[in-house]
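Sequence lines set the chain letters: A, B, ... in the order given, protein chains first and strands last, and positions in each chain run from 1. Values below: every heavy atom of this structure, side chains too, minus hydrogens, waters and symmetry copies.
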Amino acid sequence: MAGVLLSEAEKTFILHGVQSDLRNDGRSKQDYRPMELELDIVTHANGSARVRLANTDILVGVKTEIDVPKPEKPDEGKIEFFVDCSANATPEFEGKGGEDLATEISNFLSTSFNSGLSFDLKSLCILKEIQCWKLYVDILILECGGNLFDAVSLAVKAALHNTMVPRVETMAMDGGNVDLQLSGDPYDCWRLDIKNVPCLVTLTKIGEHLIVDPTAEEENCSMASLVLAVTEDGRINSLSKTSVGSFHPHTLTEGLKVGTEVGIRLNKALKEALEKEEKRLQADKPERSGFLK
Amino acid sequence: MDCHAAMRGRGGGFSYSHAAVIGSRCGQPVGCRRAAASTAMELLSDQGLRLDGRRPDELRNIRCKIGVFSQADGSAYIEQGNTKVLATVYGPHQPRGQAKNKFLFDEALVNCQYSMAVFSTGERKRRPRGDRKSQEMSIHLRQALEAAIRTELYPRSQIDIYVEVLQADGGNYCACVNAATLALVDAGVGLREYAVACSASLANGEIPLVDVSHLEESTGGPNLTVAALPISGQVALMEMSQRFHCDHLPKVLERALEGCKDIHRILDEAVRKHVEETGRASGWGQVDRAGIVL
């Protein structure tokens, strides 16, 4: 990605490595790099998560607000994705420099969440046609070390898992007015169901091979990549082909198969990591290290 | 005579009360929240303690880390109480982007950008950067940091400093300057001395308070922000909101400068520790057999 300059020889070296299923950091084609996950590190948000995938650093905060449902979907809540490419990641993102990338990521996330099967927006409804919850999922990209889509989706899923939505009771209507009563206890909250929330899997084509979790250098060698949104039970919710190159239909079908397998594995790994992190947070005095680690 | 140095109010920007942090923002009219924050809360209790239990001359807990990211030339993270800031430095490098034609022949161009994560405040922000407040902050950051950087060492080049507020709880500017200083140290940019910022307020019309938190800011006391070069004691930037009697200014300023000196001590210790850790492999700070410090 940003600021990576590779010579022809270096690109060939990476290509040869991929061909013999031994990439330049020792991984095979379908291996991920090590990941770090931390939940609940922004106290001002209802839910937050930080994912560090090698050099890629993503911080996600989820905030809830009460809103009016859309007239065409009166019994559904809303979810909005906002991606902010911080200039901390690369000076190219200064000012409005990161907006193209930000729009691409946020649009893909909203298409994969709007399929209806991935996230139950009906659970966000408070009172049909009148009041619903709106989730603001704000993604902050702090460092880009390749494979942004996957890291972002992992962080989003983790942050949604961590989100506490306050419990609200609706009181009797008086002349069309609704009275919302919020519980006095700030810990009286409910959790979102993230079982079907997809993880994004990026398959990058280098030569004639598809690899997962490309580093910034590997992304530089590739012409095309395929992003799949895969759920826990292996369903593909949405798919998009990014960057300029092209795919042969045969590679594409093979990619779907590989992507699904990898996606199931990724979802499982995330689930385990979330459970572990949750256990740590429930301990007596969990240490909030955040960026201090 | 009153000091009419009153500038844009720093405290009034975000409105929420600490008692209602989790979720209870919804549904309530704005005025209601305002009222909660402006009820006669005393900045200083009878026992001489502040709202968060600190003494008037006590700083919030500072935790910092130097070298957070590997791709940037320098980076640092600082927590001052609940205010959390990340700073990265790129450069000195060849001028690029908008500054390509603006480079200076005799010194480095310092480029700062202040941005806030949209989830950093109680109320969600619409834009992370580009609004007036952020632009003003960027200019003030540049002012303070340019005073510390030895720009004459890097002619025809540019130094980018980007700060990102992850969580805002008062004294954002101060935390940003401190984080940026640490990041500059990490990047190895030549500095005259550290640029350190600290805020101060005045309680009960007479007692100066150091390192003002968001709650104290929004309770409505005056706020004096000072960026200083603490060794020489020079002031690089001073900003004041609201008015108080001129006679009080020296002691409030002194309290802020004292705060700067205290923060300087903490930052300096962190830098020394960091250098010791990272330089251990090459024997930095170790004593050889003859007793000579390497």
- Please flag which part of B:F69 lies under 4.5 Å from any non-hydrogen atom of chain A: side chain, backbone, both or neither. both
- Task: Select one option (side chain, backbone, both, neither) describing which atoms of B:S75 are under 4.5 Å from chain A's heavy atoms.
- Result: neither
- Message: Would you say CZ of A:R280 has more than 12 non-hydrogen atoms from neighbouring residues, nucleotides or ligands within 6.0 angstrom?
- Response: yes
- Task: Please round to the nearest 0.5 Å and tell me the distance separating atom CG of A:N88 and atom CG of B:D160.
- Result: 11.0 Å
- Item | Atom pair CG (A:D84) and NZ (B:K125), whose distance is rounded to the nearest 0.5 Å | 11.0 Å
- Find out whether B:L166 and A:L59 are in side-chain contact, i.e. whether some heavy atom of one side chain is under 4.5 Å from a heavy atom of the other. yes
- Query: Given that the side chain runs from C-beta out, which part of A:I41 has a heavy atom under 4.5 Å from chain B: side chain, backbone, both or neither?
  - Reply: backbone
- Query: With a 4.5 Å limit on heavy-atom distance, are the side chains of B:T88 and A:E143 in contact?
  - Reply: no
- How far does CZ of B:R124 sit from CG of A:N46, to the nearest 0.5 angstrom? 12.0 Å
- Mind running side-chain hydrogen bond (donor to acceptor under 3.5 Å, both in side chains) on B:Q167 and A:T43 for me, showing each step along the way? CA-CA 8 Å; B:Q167 198 171 311; A:T43 45; 2.4 Å; yes
- Item | Greatest number of heavy atom pairs closer than 4.5 Å to chain B - which of A:A45, A:S86, A:S48 | A:S86
- Query: Which atom names give the shortest non-hydrogen contact between A:K63 and B:T121, and what distance separates them?
  - Reply: NZ-O, 3.0 Å
- Reported NE2-to-CG distance for the pair A:H44 and B:N82, which is rounded to 0.5 angstrom: 6.5 Å
- Query: Which residue out of B:V89, B:N111, B:I78 racks up the most heavy-atom pairs below 4.5 Å with chain A?
  - Reply: B:N111
- Message: Can you give me the closest heavy-atom contact between B:Q71 and A:G145, atom names plus distance?
- Response: NE2-CA, 3.6 Å
- Heavy-atom closest pair (A:N55 atom, B:S70 atom, distance to 0.1 Å) is OD1-OG, 2.8 Å
- Task: Tell me, out of B:S120, B:G130, B:A72, who's got the most heavy-atom pairs with chain A below 4.5 Å.
- Result: B:S120
- Checking heavy atoms, do the side chain of B:R129, its backbone, both or neither come under 4.5 Å from chain A? side chain
- Message: Would you say that A:E94 contacts B:Y162 through its side chain, given a criterion of any heavy-atom pair below 4.5 Å between the two side chains?
- Response: yes
- Query: Where is the tightest heavy-atom contact between A:R52 and B:V68, given as atom of each residue plus distance?
  - Reply: NH2-O, 4.3 Å
- From CG (A:L140) to OG (B:S115), nearest 0.5 Å: 7.5 Å
- B:Y90 versus A:A89, closest heavy-atom pair with distance: OH-O, 2.7 Å
- Message: I'd like to know which of A:G95, A:G97, A:A87 tops the heavy-atom pair count under 4.5 Å against chain B.
- Response: A:A87
- Message: Counting neighbours of CD on B:Q135 that are heavy atoms of other residues, nucleotides or ligands and sit closer than 6.0 Å, is the number greater than 12?
- Response: yes
